[in-house]
Amino acid sequence: MEKLVSVANTESKTIECLPIEVLLIILEYLSPQERFNLALTSPTISNVLPYCKTWIFSKKSSKTMTKFNDTVKRVETFVLRQGGSSISPVSFYALGMFHNELKHFECNDIKSESVRHLAQFCKNLQFLSISSISSFDDKDLRNGFQNLQVLKINCYSNEMKSADYFLSLKQLKVFELQDAVINIDSNNVSVIEEPAPLEVLGLSYCKGSLMHIIRKCTQKLRSLDVSFTEIGDEEVQILVEKSPNIKCLNIEQCVLIKSTGFAHIGKKYGPNLDYLNVKGTSIFNSAISDLFGKCPKIIEQGILNLSWCMDLTNDGFVSVLTIFNRCLKSLVTFNTYISNAELEVLSNICPNLEELDIGGCYSVSDEGILSVLRRCKDLKILRTVDHAKSRLSPEGQASVKERFPLLEVDF
């Protein structure tokens, strides 16, 4: 920044000789405030500044928003990291009216009325991400946004009635709702003949009419996040029928998925899965070996996280460790019933282990942990702590630090 200001002050001819395209590229690397400050030192920069198409603010107020709207033209990307709720809807009205070519909009927090203004004026908007909407009025989301390709909204437990509207958008590829109480009129869903061509669907922490959304998924869906929801075997069966090509699946804490659901997932998705999160699920002994036995790409990656899988016992752990075998590099079993017996098996059949987390595993002691350390020569990270208490005794901790000085530990 100081160098650019110096150039503007002492070598103005050089600045003025640069092509506008080059100046715009230079300005892209500066924060909004740095751009405004630099414009004060150079008439050339001042003239070019209004044509910067990307503006990313760490924080903004109504006053700076007014300055922005008065100065800048033809913005295509507008990002506000903090302070959105403090900005008057009138400022967003001006943003939409003066910058109707806007294609990308992100805001950490925004008033519902401001969203209505964006919908009214920004007909070309393709990317909309809102981490929180204050004074949520669902009707404001139905007023436009016909060309959206990406929509991400954290509803903060507010009711969402407009999901069916977005499911009808012809270009929507990414639809991510978080913490929404979804309430959809089944009649509105039934009339959607050509659902949105969703490739990514996120419904984490959502409640309500999830089935209506799942029924409108298509074969184009590749990534699904339904973590911390109440979907069960029935929803899984619909998913594998409607969307058989999913490669990334997050079912963390979906405790209502039982044996039938896991069987469907393994049979239909397993061979092509690149990512699978089963943390906190009700997966049990026979289901886990059946599931991961059908996921060759997951095995090849060598990463296994079974945290909070409280239905697994000795047989389940041993069966899945046997499936991963020498491929296993990272094992996280935080707060499970894994014991010294399974760690003994782990140390014998998974010698390439590099990371182990057994925090909160109260059936584990020094004996099991030390057996892993002796045999898994590539181990680099060891996590044993939960609620400030390690599964290693004080003597065990001292021994580990002395014998394995390069090992990264959490005690």
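- The shortest side-chain heavy-atom distance between Val364 and Thr333 does not fall under the 4.5 Å cut-off.
- The side-chain contact (heavy atoms from CB on, under 4.5 Å) test applied to Ser186 returns His212, not counting sequence neighbours.
- Separating the CG atom in Leu40 from the OG atom in Ser46 is a distance of 7.5 Å, to the nearest 0.5 Å.
- The shortest side-chain heavy-atom distance between Ser132 and Asn154 does not fall under the 4.5 Å cut-off.
- Atoms CD1 and CG, from Ile246 and Leu273 in turn, are 8.5 Å apart once rounded to the nearest 0.5 Å.
- Between Asn285 and Ser319, every side-chain heavy-atom pair lies at or beyond the 4.5 Å cut-off.
- In this pair, His117 and Tyr93 present their aromatic rings perpendicular. The plane angle is above 60°, beyond the 30 to 60° band.
- In this model, a donor atom of one side chain and an acceptor atom of the other lie less than 3.5 Å apart for Asn37 and Gln33.
- Formation of a donor-acceptor pair under 3.5 Å by the Gln301 side chain with backbone atoms of Ile298 is not found in this model.
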Determine whether Asp274 and Lys247 satisfy the following criterion, salt bridge (charged side-chain N to carboxylate O under 4.0 Å, His left out), listing intermediate values before the conclusion.
CA-CA 5 Å; Asp274 295 318; Lys247 294 185 176 182; 5.1 Å; no
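- For Arg74, the CZ atom is loosely surrounded, since the number of other residues' heavy atoms within 6.0 Å does not exceed 12.
- Under the 4.5 Å side-chain criterion, counting only non-hydrogen atoms from C-beta, Asp233 is in contact with Ile257.
- The number of heavy atoms from other shown groups lying within 6.0 Å of NZ (Lys242) does not exceed 12.
- Listed by first and then second residue, the salt bridge (charged side-chain N to carboxylate O under 4.0 Å, His left out) pairs involving residues 217-228 amount to none (not counting sequence neighbours).
- Within 6.0 Å of the NZ atom in Lys170, the count of heavy atoms belonging to other residues, nucleotides or ligands exceeds 12.
- Rounding to the nearest 0.5 angstrom, the gap separating the CZ atom in Arg35 from the CD atom in Glu28 is 5.0 Å.
- Between the side chain of Glu342 and the backbone N or O of Ser339, at least one donor-acceptor pair lies under 3.5 Å.
- In this structure a side-chain-to-backbone donor-acceptor pair under 3.5 Å is missing from Ser162 to Tyr165.
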Name every donor-acceptor pair, under 3.5 Å, that has one atom in a side chain of residues 400-411 and the other anywhere in the protein, sequence neighbours excluded.
| residue | atom | partner | partner atom | Å |
| --- | --- | --- | --- | --- |
| Lys401 | NZ | Phe411 | O | 3.2 |
| Glu408 | OE2 | Arg383 | NH2 | 2.6 |
| Asp410 | OD1 | Thr384 | N | 3.2 |
| Asp410 | OD2 | Thr384 | N | 3.1 |
| Asp410 | OD2 | Val385 | N | 3.1 |

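- Side-chain contact between Ile369 and Val372 is absent, with no heavy atoms from C-beta onward closer than 4.5 Å.
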Starting from the C-alpha separation in whole Å, work towards a yes-or-no answer on side-chain contact (heavy atoms from CB on, under 4.5 Å) for Leu331 and Leu321.
CA-CA 9 Å; Leu331 175 64; Leu321 291 177; 4.1 Å; yes
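- Within a 6.0 Å sphere centred on CD1 of Ile20, heavy atoms belonging to other residues, nucleotides or ligands number 12 at most.
- Counting heavy atoms from C-beta outward, Leu95 and Phe68 have side chains that approach closer than 4.5 Å.
- Between Ser289 and Ile323 the shortest side-chain heavy-atom distance falls below 4.5 Å.
- In this structure, Gln171 places its CD atom where more than 12 heavy-atom neighbours from other residues, nucleotides or ligands lie under 6.0 Å away.
- Crowding of Tyr275 atom OH: a count of heavy atoms from other residues, nucleotides or ligands under 6.0 Å exceeding 12.
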Verdict with reasoning, Glu355 to Ser330, per side chain to side chain donor-acceptor pair (under 3.5 Å):
CA-CA 5 Å; Glu355 178 180 3; Ser330 174; 3.3 Å; yes
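- The backbone N or O of Val255 sits nowhere less than 3.5 Å from a side-chain atom of Thr281 that would complete a donor-acceptor pair.
- Ring to ring, Phe105 and His99 are not that close: their centroids are 6.0 angstrom or more apart.
- Of the possible polar contacts, none joining the Tyr205 side chain to the Tyr156 backbone as a donor-acceptor pair under 3.5 Å is found.
- For the pair Arg142 and Asp164, the salt-bridge criterion is met [side-chain N within less than 4.0 Å of a carboxylate O].
- Less than 6.0 angstrom separates the ring centroid of Phe78 from the ring centroid of Phe57.
- Using a distance-only test at 3.5 Å, with no hydrogens or angles considered, a donor-acceptor pair links the side chain of Asn147 to the main chain of Lys123.
- Within a 6.0 Å radius of CD in Gln397, other residues, nucleotides and ligands contribute more than 12 heavy atoms.
- One distance of note links NZ of Lys73 with OH of Tyr51; it measures 4.0 Å at 0.5 Å rounding.
- Close placement of the Trp55 and Phe36 rings is indicated, their centers lying within 6.0 Å of each other.
- Here the shortest heavy-atom pairing between Val72 and Cys52 reads CG1-O, 4.0 Å.
- A side-chain donor-acceptor contact under 3.5 Å links Asp179 to the backbone of Ser157.
- Between Lys279 and Trp308 the shortest side-chain heavy-atom distance does not fall below 4.5 Å.
- Shown here is Lys216, whose NZ atom has more than 12 heavy atoms of other residues, nucleotides or ligands within 6.0 Å.
- For the atom pair SG (Cys309) and CD1 (Ile283), the distance works out to 6.5 Å, reported to the nearest 0.5 Å.
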